[in-house]
Amino acid sequence: HDANDVLFVANSPYRTYWQVAVLNILRNGVWVPDPNTESAATGTARDAPTIPSQTDTKSVPSKRDFEAVVQVDDLSSRILPVPPGTIALSGTSATLTGVGAVSPTPTTSGQQYTAVSTPPASAPESLKASVTADPPAIVQTETALPTLPPSIGTLARDVTEGAQSPLSQAELLVNWFRSGEFHYTLDPPASPPGTDPLVGFLTQTRSGSCEQFAGAFVVLARSLGIPSRVAVGFTAGRYSRPGQVTVRGADAHAWPQVYLGPRAGWVSFEPTPQQPRGEVAPEGV
């Protein structure tokens, strides 16, 4: 899409990222969707899961939850953009699955739907839970990495030295990326010849787009044994009037999520340095 194309307009009491899907497989240095996500996006899924993701902590709305009403403009997608933590949908044939809000047909102009979502976790006691092997499927899947240069694991441990919990480790990684040593650009420089692209980004060029910052964060987090993944979708957009945001092509974004236990679930973080047009992260990220 052109950067100025209006993709959708949303009414929401919260400024929130708009999550479409997650990438959890690192292949040849690039984060890619798993087969179920790929099938859902292309409409080729035969037996797509129709149950909530195994990481969901609840499925019954509470008084704390909020509604976001989305009206599609120029967006064609079989996976609907919804706030992270969405637990229910209405006004659409899409169903919440382990992949996301999957629709049998692509969205069309004028289509409207409502998502019921849980606000980002903010209570310290829920965010500081220890991540153990429960549920083991998450830990095993969301910490998998191919063979990487040993220097990456060493760097992750150095950056997070002294951290006492997965939350502290994730916060130290964010602080490092946003310390002023790294820079945002849509035209990242190439790594020096003979240098692993990830190592080059982390230690030499230190300049890139949101995809590189999110992907590098997840590699470092997983090397520490922290369940994490790359979320793709859109930033919060810009207010067109009180309570209403407009999301354009320029708002396309990638960011990491870290699993912080069954109470907090998947928590969004923002390692991408502030962009020239301003801060992208809404409150709670």
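Numbering starts at 1 and runs along the sequence shown.
Ring-centre distance between Phe217 and Trp255: not below the 6.0 Å cut-off.
By the rule that hydrophobic residues join a cluster once side-chain heavy atoms approach within less than 4.5 Å of another member, Val218 and Leu148 end up as members of one cluster. Val258 and Phe177 fall within the same hydrophobic cluster, where Ile, Leu, Val, Met, Phe, Trp and Tyr residues are linked whenever their side-chain heavy atoms come under 4.5 Å apart, directly or through other members. There is a path of hydrophobic side-chain contacts, each under 4.5 Å, that joins Phe269 to Leu155. Hydrophobic clustering (side-chain heavy atoms under 4.5 Å, transitive across Ile, Leu, Val, Met, Phe, Trp, Tyr) groups Leu145 together with Ile226. Cluster membership for Val22 and Val267, using ILVMFWY side-chain heavy atoms within less than 4.5 angstrom, is not shared.
Considering all non-hydrogen atoms of both residues, Gly225 and Pro227 come closest at O-CD, 3.5 Å. When all heavy atoms are compared, the tightest approach of Glu67 to Val116 is CG-CG2, 4.0 Å. The two atoms that bring Arg78 and Thr42 nearest to each other are NH1-O, 3.6 Å, heavy atoms only. What you find for Ser223 and Ala156 is that their closest heavy atoms are OG-CB, 3.4 Å. Closest non-hydrogen pair, Ser76 versus Pro106, comes out as OG-CB, 3.4 Å. Of all heavy-atom pairs between Gly215 and Val230, the closest is CA-CG2, 4.1 Å.
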Which is it for His253 and Tyr17 under the side-chain contact (heavy atoms from CB on, under 4.5 Å) test, yes or no, and what are the steps along the way?
CA-CA 9 Å; His253 192 49; Tyr17 279 164; 3.8 Å; yes
Could you please spell out the steps behind the side-chain contact (heavy atoms from CB on, under 4.5 Å) verdict for Val32 and Leu23?
CA-CA 5 Å; Val32 298; Leu23 312 178; 5.8 Å; no
Chi angles and distances behind the side-chain contact (heavy atoms from CB on, under 4.5 Å) call for Ser151, Val199
CA-CA 8 Å; Ser151 60; Val199 173; 3.8 Å; yes
From CA spacing to verdict: side-chain contact (heavy atoms from CB on, under 4.5 Å), Leu80, Val70
CA-CA 10 Å; Leu80 310 184; Val70 178; over 6 Å; no
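Remark: Glu181 CD is packed, more than 12 non-hydrogen atoms of other residues, nucleotides or ligands lying under 6.0 Å away. Counting non-hydrogen atoms of neighbouring residues, nucleotides and ligands closer than 6.0 angstrom, the CG atom of Asp187 reaches no more than 12 such neighbours.
In this structure, the side chains of Trp266 and Pro84 stay at 4.5 Å or more apart for every pair of heavy atoms. Considering only heavy atoms from C-beta on, Pro282 stays 4.5 Å or farther from Tyr14 through its side chain. Contact annotation: the side chain of Ser93 approaches that of Ser103 to within less than 4.5 Å [non-hydrogen atoms, C-beta and beyond]. By the 4.5 Å heavy-atom criterion applied to side chains, Leu260 and Pro166 are counted as neighbours. Considering only heavy atoms from C-beta on, Asp196 stays 4.5 Å or farther from Ser191 through its side chain.
Note that the CG atom of Asp74 and the CG atom of Leu7 stand 6.5 Å from one another [nearest 0.5 Å]. Taken from CD1 in Ile152 to CG in Leu198, the straight-line distance is 4.0 Å, to the nearest 0.5 Å. Note: Ile25 CD1 to Glu38 CD = 9.5 Å, rounded to the nearest 0.5 Å. Atoms CG and OG1, from Leu224 and Thr143 in turn, are 11.0 Å apart once rounded to the nearest 0.5 Å. Note that OH of Tyr239 and OG1 of Thr246 are 11.5 Å apart. Values are rounded to the nearest 0.5 Å. A distance of 11.0 Å separates CG in Leu220 from CD in Gln169, rounded to the nearest 0.5 Å.
Side-chain atoms of Ser109 come within 3.5 Å of backbone N or O of Asp73 as a donor-acceptor pair. Judged by distance alone, with hydrogens and angles left aside, the side-chain atoms of Thr86 form a donor-acceptor pair with the main-chain N or O of Pro83 at under 3.5 Å. Side-chain atoms of Thr107 come within 3.5 Å of backbone N or O of Leu75 as a donor-acceptor pair. Under the 3.5 Å distance criterion, the side-chain polar atoms of Arg222 are matched with a main-chain donor or acceptor of Ser228. Remark: side-chain polar atoms of Thr272 are not paired, donor with acceptor, to backbone N or O of Glu270 under 3.5 angstrom. Ser268 contributes no side-chain N or O that, together with a main-chain N or O of Val285, makes up a donor-acceptor pair within less than 3.5 Å. Panel note: side chain Gln204, backbone Leu202; no donor-acceptor pair is recorded below 3.5 Å. Side-chain atoms of Gln244 never come within 3.5 Å of backbone atoms of Arg241 as a donor-acceptor pair (strictly under, hydrogens ignored).
Remark: Phe8 engages Trp18, Phe234 in a ring pair (Phe, Tyr, Trp, His ring centres under 6.0 Å) (not counting sequence neighbours).
Phe213 pairs with exactly one of Phe201, Trp176, Trp31 by the ring pair (Phe, Tyr, Trp, His ring centres under 6.0 Å) rule, that one being Phe201.
Side chain to side chain, Asp34 and Thr37 meet the donor-acceptor criterion of an N or O pair below 3.5 Å.
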